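Note sheet for the following structure.
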Amino acid sequence: MARILITGGAGFIGSNFVRYWRKAHPRDSVTVLDLLTYAGSRKAAEDLRGPNVRFIRGDVADPRAVATAMRGCRTVFHFAAETHVDRSIHDSGRFVRTNVLGTQRLLESARLSGIERFVMISTDEVYGSVAKGSAGEDARLAPNSPYAASKAAADLLCRSYVRTHGTPVVITRCCNNYGPRQFPEKVIPLFITNLLQGLPVPVYGDGRNVREWIHVDDHARAVDLASRKGRPGEIYNIGTGRRLSNLELAGMLLKAAGAGRESLRFVKDRPGHDLRYALDSSKIRGLGWRPRIGLREGLMETVAWYGKNRAWWRGIKSGPKYRSYVARQYR
Ligand code: NAD
Ligand code: DAU
């Protein structure tokens, strides 16, 4: 039995990871540290409460909150971050504070408290746009959005703590996730919920940008494996090889929701929009991981989840903060 710390455990991937961990490792105790920003769900945090789960509302950039949360923990899974590329274009300061300073504070506390494993949840966006082929773990870092740059900085800080202090950090860089409980600013939940509301879906530019997609549960299994079998100082890409353009993705979602192509709206492109992400994931596959959930099946299940949980996303979409975000986004 061990105590683990999960930062960002009230967000999309973090909350699915807490669920996964409790099933896979029921004897472990879990501490969640989450600030409950707009992206963190109070409901998710409440749902996660239980005999073996402790929830701390706090900021990863606050050393005292971090030290309290880390006390007695053996492993840290660092998911907490500002995560939306479009928001980083309007307000990059918050991204630097949480993603860079927050990671530094956690690394420092991990160093002082002798943490046995620190898993840094980085992202494939650190490689920037991959013109052809796929990026291996040693590919050049070339982030293009303030979000991606802040994650690359955090990723490099982890490297420095391994080299300088011997902190046992494993870094994972995953492709685009989808699944239940994703905040409806990201393309898949935004498109699904718009279609359920009878609204059009905004496709940036010409819709030819390519992303690689993974179900959040497949990501959780890969992170678990990397934490146990991965070597300190190593980086593991986590991808499925399932790449498609935003237009192809929109087509699948329209079909799943029973909508026609008249629901597509081509809107102004995102500045600095990366054209293509593609990962070489042979290293994590070498540890024995394979994705289990096919995209078609996973999308159908995800559309069904948003269909069944309208109260969850309607509450978010009708809130003043979300409405003002959308008003600024499509101005
Ligand atoms: P999310 O935006 O849904 O959730 C982020 C969580 O972090 C929220 O609960 C929020 O309240 C919390 N948080 C934000 N700032 C905080 C702070 N200062 N202190 C404490 N908590 C704070 O994000 P997500 O999509 O679940 O992503 C989780 C992690 O996975 C991030 O590190 C992200 O970079 C990485 N990642 C995401 C994807 C993806 O497709 N979503 C892919 C690869 C990697
Ligand atoms: O690749 C991993 C990354 O995936 C994570 O690190 C990020 O945290 C996560 O937000 C995600 O970044 P993307 O920018 O790829 O995701 P997003 O859902 O914002 O957009 C996916 C694609 O869809 C991208 O090419 C932009 C496009 N898009 C997005 C939105 C929100 C649209 O065409 N219309 C939209 O309204």
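For ligands, and for the atoms within them, numbers begin at 1 and follow the listed sequence. In what follows, every heavy atom counts, from backbone to side chain, and hydrogens, waters and symmetry copies are set aside. Computed from a predicted structure; not experimentally measured.
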Consider every N or O of [X] and every N or O of ligand 2, then say whether any pair is closer than 3.5 Å.
X	value
V187	yes
W213	no
T83	yes
C174	no
D274	no
N209	no
N176	yes
D86	no

Has [X] got more than 12 heavy atoms of other residues, nucleotides or ligands less than 6.0 Å from its [atom1]?
X	atom1	result
R231	CZ	no
R310	CZ	yes
R290	CZ	yes
R54	CZ	yes
R296	CZ	no

Would [X] count as a polar contact of ligand 1, with the cut-off being nitrogen or oxygen pairs under 3.5 Å?
X	value
N176	no
N177	yes
A61	no
S41	no
K151	yes
I13	yes
T123	no

| Between K317 and Y322, is NZ or CZ placed under 6.0 angstrom from the six-membered ring centre and within 45° of the ring axis? | no

Report the part of [X] (side chain from C-beta onward, or backbone N, CA, C, O) that has a heavy atom under 4.0 Å from ligand 2; answer both or neither where that applies.
X	result
K151	neither
V201	neither
K186	both

Under 4.0 Å from ligand 1, counting heavy atoms only, is it the side chain of [X], its backbone, both or neither?
X	value
C175	backbone
H84	neither
L36	backbone
W213	neither
S15	neither

| task | Check whether the ring centres of F77 and W21 lie less than 6.0 Å apart, and answer yes or no. | result |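 Ring centres of W21 and F77 closer than 6.0 Å.
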
| Is G102 near ligand 1, meaning one of its heavy atoms is under 4.0 Å from it? |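 False for this residue.
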
Residue selection (non-hydrogen contact nearest [atom]) among [options]:
atom	options	result
atom 28 (C) of ligand 1	Y147, F79, Y277	F79
atom 15 (O) of ligand 2	R173, E212, R211	R211
atom 19 (N) of ligand 1	L33, V60, L106	V60

| query | Who are the side chain to side chain donor-acceptor pair (under 3.5 Å) partners of E125, not counting sequence neighbours? | reply |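 Counting only residues at least two positions away or on another chain, E125 forms a side chain to side chain donor-acceptor pair (under 3.5 Å) with Y277.
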
| Qualifying residues under side chain to side chain donor-acceptor pair (under 3.5 Å), relative to R3, sequence neighbours excluded |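 For R3 the side chain to side chain donor-acceptor pair (under 3.5 Å) partners, ignoring immediate neighbours, are T31.
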
Got a salt bridge between [X] and [Y], using NZ or NE/NH1/NH2 to carboxylate O under 4.0 Å?
X	Y	answer
D224	R221	no
D86	R270	yes
E108	R111	yes
R292	D217	no

So which heavy atom in the protein is nearest [atom], and how far is it from that ligand atom?
atom	value
atom 30 (O) of ligand 1	I121 CG2, 3.5 Å
atom 43 (C) of ligand 1	C174 O, 3.4 Å
atom 44 (C) of ligand 1	S122 O, 3.1 Å
atom 8 (C) of ligand 1	D34 OD2, 3.6 Å
atom 21 (N) of ligand 1	L35 N, 3.0 Å
atom 1 (P) of ligand 1	T83 OG1, 3.7 Å
atom 18 (N) of ligand 1	D59 OD1, 2.8 Å
atom 3 (O) of ligand 1	F12 N, 3.1 Å

| Considering only heavy atoms of D124, which atoms of ligand 2 have at least one such atom less than 4.0 Å away? | 1 (O), 2 (C)

| message | Suppose I only count heavy atoms of H84 and a 4.0 Å limit; which atoms of ligand 2 are within that range? | response |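 Near H84, meaning under 4.0 Å from one of its heavy atoms, ligand 2 has 19 (O).
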
| said: I'd like to check which ligand 1 atoms, numbered from 1 as shown, lie under 4.0 Å from a non-hydrogen atom of G58. | reply: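 Taking each heavy atom of G58 in turn, ligand 1 has 19 (N), 20 (C) under 4.0 Å.
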
| message | If the cut-off is 4.0 Å to any non-hydrogen atom of T98, which atoms of ligand 1 fall inside it? | response | 15 (N), 16 (C), 17 (C), 18 (N)

| query | So is H273 close enough to ligand 2, meaning a heavy atom under 4.0 angstrom away? | reply | yes

| said: Using heavy atoms and a 4.0 Å limit, tell me yes or no: is E185 in contact with ligand 2? | reply: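 Yes, that is the case, since the closest heavy atom of the residue is under 4.0 Å from the ligand.
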
| Is the closest side-chain donor-acceptor distance between Y178 and R211 under 3.5 Å? | no

